[in-house]
Q: 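Here you go, one structure.
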Amino acid sequence: MSTSAEPAFEFGFLLQINEEAALGAALNDYLASRSYLAGFSPSQADQKAFALLRRPPDSRLVHALRWYRHVAALQLDTNPESSPKGKRVQPPWSPPAGTDIPRLHLYNSLTRAKELFVPQQGNKVTWYSCGPTVYDASHMGHARSYISFDILRRILRDYFKYDVLYCMNITDIDDKIIKRARQNFLLDQYKEKQPQSAQILQDVLSAREPFKAHLAATADPDKKQMLERLDAAVSVALQPVQTAMEGNAADEVVQPLAQVLLENSKDLLADWLDKQFGSQVTENSIFFNLPKFWEEEYHKDMEALNVQPPDVLTRVSEYVPEIVEFVSKVISNGYGYESNGSVYFDTSKFDASTQHSYAKLVPEAVGDQKALQEGEGDLSISADRLSEKKSPNDFALWKASKPGEPSWDSPWGKGRPGWHIECSAMAGTILGESMDIHGGGFDLRFPHHDNELAQSEAFFENDHWVRYFLHTGHLTIAGCKMSKSLKNFITIKDALAKNTARQLRLAFLMHSWKDTLDYSSNTMESAVQYEKFMNEFFLNVKDILRAPTDITGRFEKWEAAEVELNDSFYNRKSAVHEALCDNVDTRTAMEEMRLLVGQSNSYIASRKNAKLRPNRMLMESIACYLTSMLKIFGAVEESASIGFPVGGQNANIDLESTVMPYLSVLSDFRADVRKIAREQKVTALLQLCDVVRDDTLPELGVRLEDHEGLPTVVKLVDRETLMKEREEKKKMEVRQRCRCYCVVLLCRCCCVCVLVSVFWCRCYCVGVIVSVLLCPCCCVGVVVSCYCVVLLCPCCCVGVVVLVLCLCFGVGVIVSVLLCRCCCVGVVVSVLLCRCCCVGAVVSVLLCRCCCCCVGVIVSVLLCRCCCVGAVVSVLLCRCCCVGAVVSVLLCRCCCCCVGVIVSVLLCRCCCVGVVVSVLLCLCCCVGAVVSVLLCRCCCVGVVVSVAWCQTPELHVPQQFVP
């Protein structure tokens with residue numbers, strides 16, 4: 001063959017062969033060692049040889065036959081009469097119509113609409129985010145912003161593949177920091193002087209007067225509620241001290257009460273001390289030590305939350321020279337003015353400029369003096385400071401320092417930066433005259449971000465300092481905004497004590513980043529269930545992939561089920577992409593991922609029901625995609641290939657790949673043992689296999705799942721999760737086995753209601769014991785109990801404690817026995833027995849429940865004998881929590897001695913604000929039963945009591961329970 005008229009081969013000797021069969025054979029031998037398909041048109045020699053052959057060569061002559069067919073096809077192409085299209089050429093190609101590709105849109109606070117995201121410089125994205133003001137512990141309100149921005153940053157960088165430069169500031173110079181540092185310093189000095197009780201009382205009363213005035217003048221409902229809580233705590237602590245001092249109580253009685261008063265009043269006392277002595281503070285180190293400490297705590301919290309650190313971190317204290325230069329240029333551009341050593345931004349002049357506009361984000365808030373004063377800071381809203389401004393809307397760029405405040409040199413004298421100028425100067429230094437994204441919390445829009453925009457555009461003389469403003473939504477607790485200033489917050493450390501960082505992140509992912517998120521048990525439970533749902537799928541896929549197979553066996557034929565699931569897989573991926581393009585809608589993306597897992601689970605179940613293995617390549621593709629998305633969202637650590645890594649967030653080794661081969665061997669061995677035990681009916685061996693599955697391996701974080709007719713599934717799960725599952729399983733078994741062992745006691749109150757009490761005890765692994773304690777009261781005050789009851793309690797690590805409740809009848813003996821179950825330390829049982837005499841007696845028994853608390857448990861019991869006049873029962877309960885002990889004192893008065901008193905106390909739970917105690921008192925007298933409910937709300941000491949009484953006639957005692 002040739003592309004020209006030159007012959008491709010020397011066919012001369014072939015053309016002399018006349019016999020067609022011989023010609024074919026000779027041609028085949030000749031072509032066997034030569035290239036005969038070169039070029040796109042036949043040569044003259046090809047055409048002559050082709051003409052000698054009347055039909056295609058024999059099929060055994062492979063080369064000749066191939067040559068013949070090729071030349072025949074070319075002959076048709078070169079013959080115009082052989083084809084209606086003329087010379088054969090490639091037909092024209094038309095591209096597919098295609099569909100529109102979604103592009104990223106972000107909700108821009110500058111327009112209050114979703115805008116197409118277009119970076120200013122190609123693929124590079126410059127981003128500045130407002131960081132924390134470090135004067136206290138970071139709380140979940142902060143986590144709302146920082147986790148949300150971490151998610152957005154990861155998605156822009158890892159999903160949309162933008163080159164993101166992320167800059168964040170630390171505000172370590174601020175009115176709040178200065179005020180808190182001084183208050184802490186002055187309060188510590190006050191405590192070091194060890195004031196006497198009378199002095200503490202006097203100072204608290206003095207501090208309370210301006211506090212009460214401030215409370216009365218406060219209009220904001222949230223702040224007012226916070227101040228009322230503080231005042232209530234002070235009131236509760238104040239009354240016992242005043243009562244003790246009026247009664248001339250001994251100093252050892254008064255001093256502890258005064259210390260409690262000091263602790264409850266520390267906030268208003270510290271504020272009172274600061275107003276009196278704050279200007280005299282000369283210890284400048286306190287203004288740097290406080291923010292340094294809390295910045296370190298902030299970084300620890302962010303690391304615990306798996307929030308990536310910023311590319312650039314700026315501190316205000318390190319940028320004071322740049323801030324001074326920034327302020328000077330704003331003045332030279334005509335938008336700032338100096339007044340009494342301070343510098344203010346002229347909002348009126350700026351807004352009058354044709355190039356500029358003030359309050360781009362919230363124009364309707366201009367003139368809101370409350371918001372403007374909050375932006376200026378508590379130390380900068382005095383009458384003399386406000387009078388320095390040309391307009392109430394002007395804000396401070398530089399503040400002249402007063403006594404008791406840190407200061408730096410400037411052209412206008414000793415001073416410090418204003419709050420808003422900090423971000424402008426630092427962001428401008430790092431990111432230049434215009435940035436792509438600026439982020440912060442929703443409550444920073446006005447005045448902080450609007451003032452940032454104004455002073456920055458005044459400095460750079462442009463109108464586009466920020467292209468896209470992103471604001472995260474609030475985080476609320478039961479509908480109330482979480483805030484440090486309102487003392488209504490849950491610290492990040494407290495939140496992490498209840499849920500993992502992954503669960504917190506999943507909760508945020510399941511809500512829109514710009515909308516309000518309510519932090520509640522329901523919100524977190526949804527996140528926990530989502531994590532569990534996804535994790536079970538990953539564990540199932542890992543089990544599928546562990547099935548032994550050769551390389552070719554990995555590729556299996558797709559049936560209709562696989563095609564359907566794969567179509568759904570691609571549809572779900574497309575939906576996830578559309579959701580992320582739509583203002584990074586992680587909520588919809590997470591739901592689409594959940595639907596994909598649900599469809600995959602249905603496919604796996606259908607294959608298992610048919611005793612078939614699911615398609616491993618398809619399952620691996622889906623699991624890898626989901627894992628990659630969760631990695632992008634920051635919910636999976638980088639080391640995991642499929643699913644959540646085993647061993648916790650900070651695991652440094654691939655635990656799964658290390659131990660799984662050994663667990664597979666163990667699982668196979670156990671399966672063989674079970675098979676033999678079933679065949680030979682060795683029940684004991686089967687029980688041992690169950691013990692390995694239900695008790696031994698869960699302690700090591702291993703779950704075995706037996707499926708009839710299929711191999712046992714091996715899964716690595718967190719030990720804590722398996723322990724909870726085991727406890728729930730045991731509780732379910734107890735409930736199922738105890739249904740026919742329940743005893744129901746009816747207490748009929750003629751005009752009130754019917755009380756039903758059900759007591760049952762079936763100890764797992766011990767036996768069935770039904771425990772019933774009857775305490776019915778008749779009109780003459782006889783206390784009746786069961787004959788003899790044995791209660792068995794299994795303790796986790798110690799063993800079984802047996803208690804016996806003795807027989808009581810007539811006017812005889814009341815026996816009280818309380819049992820303690822202990823988790824880690826041991827069992828301590830405290831039992832006190834008392835025989836009732838003719839005048840009656842009351843026995844108080846307190847249980848000591850040991851836990852892993854660092855300070856231990858203190859239990860105090862006070863016993864009181866009832867005399868003919870009456871009885872007073874005093875019970876002192878103390879439960880230690882991580883912050884110390886809370887004491888509540890409950891009083892019960894008995895007006896009829898001959899019938900006795902039964903007291904049941906329900907111990908309170910401590911919260912961050914105070915203690916709520918519920919007590920149920922049952923007082924039996926000759927006219928019937930009186931039930932009273934005493935509610936007590938305590939703040940460290942003292943009792944506030946509200947009593948409701950209800951009289952009822954005699955109680956009915958079922959005859960079968962009367963001895």
Q: Could you tell me whether the side chain of Thr500 reaches within less than 4.5 Å of the side chain of Glu531, counting heavy atoms only?
A: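 Contact flag for Glu531/Thr500 side chains = yes.
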Q: Identify, with sequence neighbours excluded, every residue that meets ring-ring contact (aromatic ring centres under 6.0 Å, His included) alongside Tyr162.
A: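 Residues passing ring-ring contact (aromatic ring centres under 6.0 Å, His included) with Tyr162: Phe117.
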Q: Do the side-chain N and O atoms of Gln455 and Ser424 include a donor-acceptor pair separated by under 3.5 angstrom?
A: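 Present: a donor and an acceptor within the cut-off.
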Q: Before accepting this row, confirm whether a basic side-chain N of the pair Glu295/Lys292 lies closer than 4.0 Å to the acidic partner's carboxylate O.
A: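 Result for this pair is no, no salt bridge flagged.
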Q: Does the plane of the ring in Phe442 sit parallel, tilted or perpendicular to the ring in His474? Use 30° and 60° as the thresholds.
A: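 Phe442 and His474: perpendicular rings.
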Q: Taking the six-membered ring for Trp and the single ring otherwise, decide whether the centroids of Tyr358 and His356 are under 6.0 Å apart.
A: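 Centroid distance Tyr358-His356: not below 6.0 Å, so no.
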Q: Is atom NZ of Lys493 surrounded by more than 12 heavy atoms (other residues, nucleotides or ligands) closer than 6.0 Å?
A: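 Enclosed.
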Q: Roughly how far, to the nearest 0.5 Å, is the CG atom of Asp136 from the CZ atom of Arg180?
A: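 If I round to the nearest 0.5 Å, the distance is 4.5 Å.
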Q: Considering only distance and modelled atom types, tabulate donor-acceptor pairs under 3.5 Å from the side chains of residues 96-107, sequence neighbours left out.
A:
from, atom 1, to, atom 2, distance (Å)
His105, ND1, Arg103, O, 2.8

Q: More than 12 heavy atoms of other residues, nucleotides or ligands under 6.0 Å from CD of Gln529: is that the case?
A: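 It does: Gln529 CD has more than 12 such atoms within range.
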Q: I'd like to know if Asp150 pairs up with Arg154 as an ion pair, taking the criterion as any Lys NZ or Arg NE/NH1/NH2 lying under 4.0 Å from an Asp or Glu carboxylate oxygen.
A: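 Yes.
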Q: May I ask you to check whether over 12 heavy atoms, not counting those of Arg157, lie within 6.0 Å of atom CZ?
A: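 Enclosed: over 12 neighbouring heavy atoms sit under 6.0 Å from CZ of Arg157.
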Q: Here's one to test your reading of the geometry: is the NZ or CZ of Lys390 within 45 degrees of the ring axis of Tyr344 and under 6.0 Å from its centre?
A: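 No; the conditions do not both hold, so Lys390 does not lie above the ring face of Tyr344.
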Q: Who are the ring-ring contact (aromatic ring centres under 6.0 Å, His included) partners of Phe538, not counting sequence neighbours?
A: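 ring-ring contact (aromatic ring centres under 6.0 Å, His included) list for Phe538, sorted by chain: Phe644.
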Q: If the condition is ring-ring contact (aromatic ring centres under 6.0 Å, His included), which residues does Phe293 pass it with, not counting sequence neighbours?
A: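 None.
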Q: Not counting sequence neighbours, which residues clear side-chain contact (heavy atoms from CB on, under 4.5 Å) with Ser401? List them please.
A: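 Here the qualifying residues are Glu405, Ser407, Arg416.
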Q: Can you find a pair of side-chain heavy atoms, one from His299 and one from Glu296, that are under 4.5 Å apart?
A: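 Side chain of His299 against side chain of Glu296, heavy atoms only: no contact under 4.5 Å found.
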Q: Restricting to side chain to side chain donor-acceptor pair (under 3.5 Å), what partner residues turn up for Ser628, sequence neighbours left out?
A: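 None.
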Q: Please report the closest heavy-atom contact between Trp465 and Gly432, naming both atoms and the distance.
A: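 Closest approach of Trp465 to Gly432: NE1-O, 4.1 Å.
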Q: Using a 6.0 Å cut-off, check whether atom NZ of Lys349 has over 12 heavy atoms from anything other than its own residue.
A: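 Atom NZ in Lys349 is not packed in, count stays at 12 or less.
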Q: Could you tell me which non-hydrogen atom of Arg153 sits nearest to which non-hydrogen atom of Pro310, and how far apart they are?
A: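 That would be NH1-CA, 3.9 Å.
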Q: Tell me yes or no: between the side chains of Ser148 and Thr472, is some donor less than 3.5 Å from an acceptor?
A: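 No.
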Q: Run the side chain to side chain donor-acceptor pair (under 3.5 Å) test against His420 and tell me which residues pass, sequence neighbours left out.
A: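 Applying side chain to side chain donor-acceptor pair (under 3.5 Å) to His420 gives His448, Asn451.
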Q: Once ring-ring contact (aromatic ring centres under 6.0 Å, His included) is applied, do any residues pair with Tyr146, and if so which ones, sequence neighbours excluded?
A: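 Testing Tyr146 for ring-ring contact (aromatic ring centres under 6.0 Å, His included), a comparison that skips the adjacent residues, returns Tyr298.
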Q: Does Trp419 reach the side chain of Asp174, with side-chain heavy atoms less than 4.5 Å apart?
A: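 In contact.
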Q: What pairs with Glu115 under side chain to side chain donor-acceptor pair (under 3.5 Å), at least two apart in sequence or on another chain?
A: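 Counting only residues at least two positions away or on another chain, Glu115 forms a side chain to side chain donor-acceptor pair (under 3.5 Å) with Thr111.
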Q: Which residues pass the side-chain contact (heavy atoms from CB on, under 4.5 Å) test with Asn333, sequence neighbours left out?
A: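 Asn333: side-chain contact (heavy atoms from CB on, under 4.5 Å) contacts with Lys329, Tyr335, Glu461.
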Q: Rounded to the nearest 0.5 Å, how far apart are CG of Asn462 and OG of Ser434?
A: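 Answer for the CG-OG pair, Asn462 versus Ser434, is 6.5 Å.
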Q: Between CZ of Phe350 and CG of Asn393, what distance do you get to the nearest 0.5 Å?
A: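 Separation between the atoms: 13.5 Å.
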Q: Using 30° and 60° as the class boundaries, would you call the ring planes of Tyr625 and Phe569 parallel, tilted or perpendicular?
A: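 Rings of Tyr625 and Phe569: perpendicular, over 60°.
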Q: Which residues pass the side-chain contact (heavy atoms from CB on, under 4.5 Å) test with Pro392, not counting sequence neighbours?
A: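 Counting only residues at least two positions away or on another chain, Pro392 forms a side-chain contact (heavy atoms from CB on, under 4.5 Å) with Gln369.
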Q: Can Lys399 and Ser342 be said to form a side chain to side chain donor-acceptor pair (under 3.5 Å), step by step?
A: CA-CA 5 Å; Lys399 300 176 181 181; Ser342 296; over 6 Å; no
Q: Under 3.5 Å, is there a donor-acceptor pair between the Ser574 and Asn571 side chains?
A: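 No pair is found: no donor N or O on one side chain lies under 3.5 Å from an acceptor on the other.
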Q: Would you please say whether a donor-acceptor pair under 3.5 Å links the side chains of Ser568 and Asn566?
A: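 Not at all, the side chains of Ser568 and Asn566 share no donor-acceptor pair under 3.5 Å.
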Q: Go through the steps for Glu637 and Arg502 under the test salt bridge (charged side-chain N to carboxylate O under 4.0 Å, His left out), then give the verdict.
A: CA-CA 10 Å; Glu637 293 69 37; Arg502 179 185 299 130; 3.4 Å; yes
Q: With sequence neighbours excluded, tell me which residues meet side chain to side chain donor-acceptor pair (under 3.5 Å) with His511.
A: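 Side chain to side chain donor-acceptor pair (under 3.5 Å) list for His511, sorted by chain: empty.
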Q: Nearest 0.5 Å please: distance from the NE2 atom of His139 over to the OG1 atom of Thr491.
A: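 One finds 10.0 Å between NE2 of His139 and OG1 of Thr491.
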Q: Would you say the side chain of Val118 lies within less than 4.5 Å of the side chain of Arg467, judging by non-hydrogen atoms?
A: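 SC-SC contact between Arg467 and Val118 ruled out.
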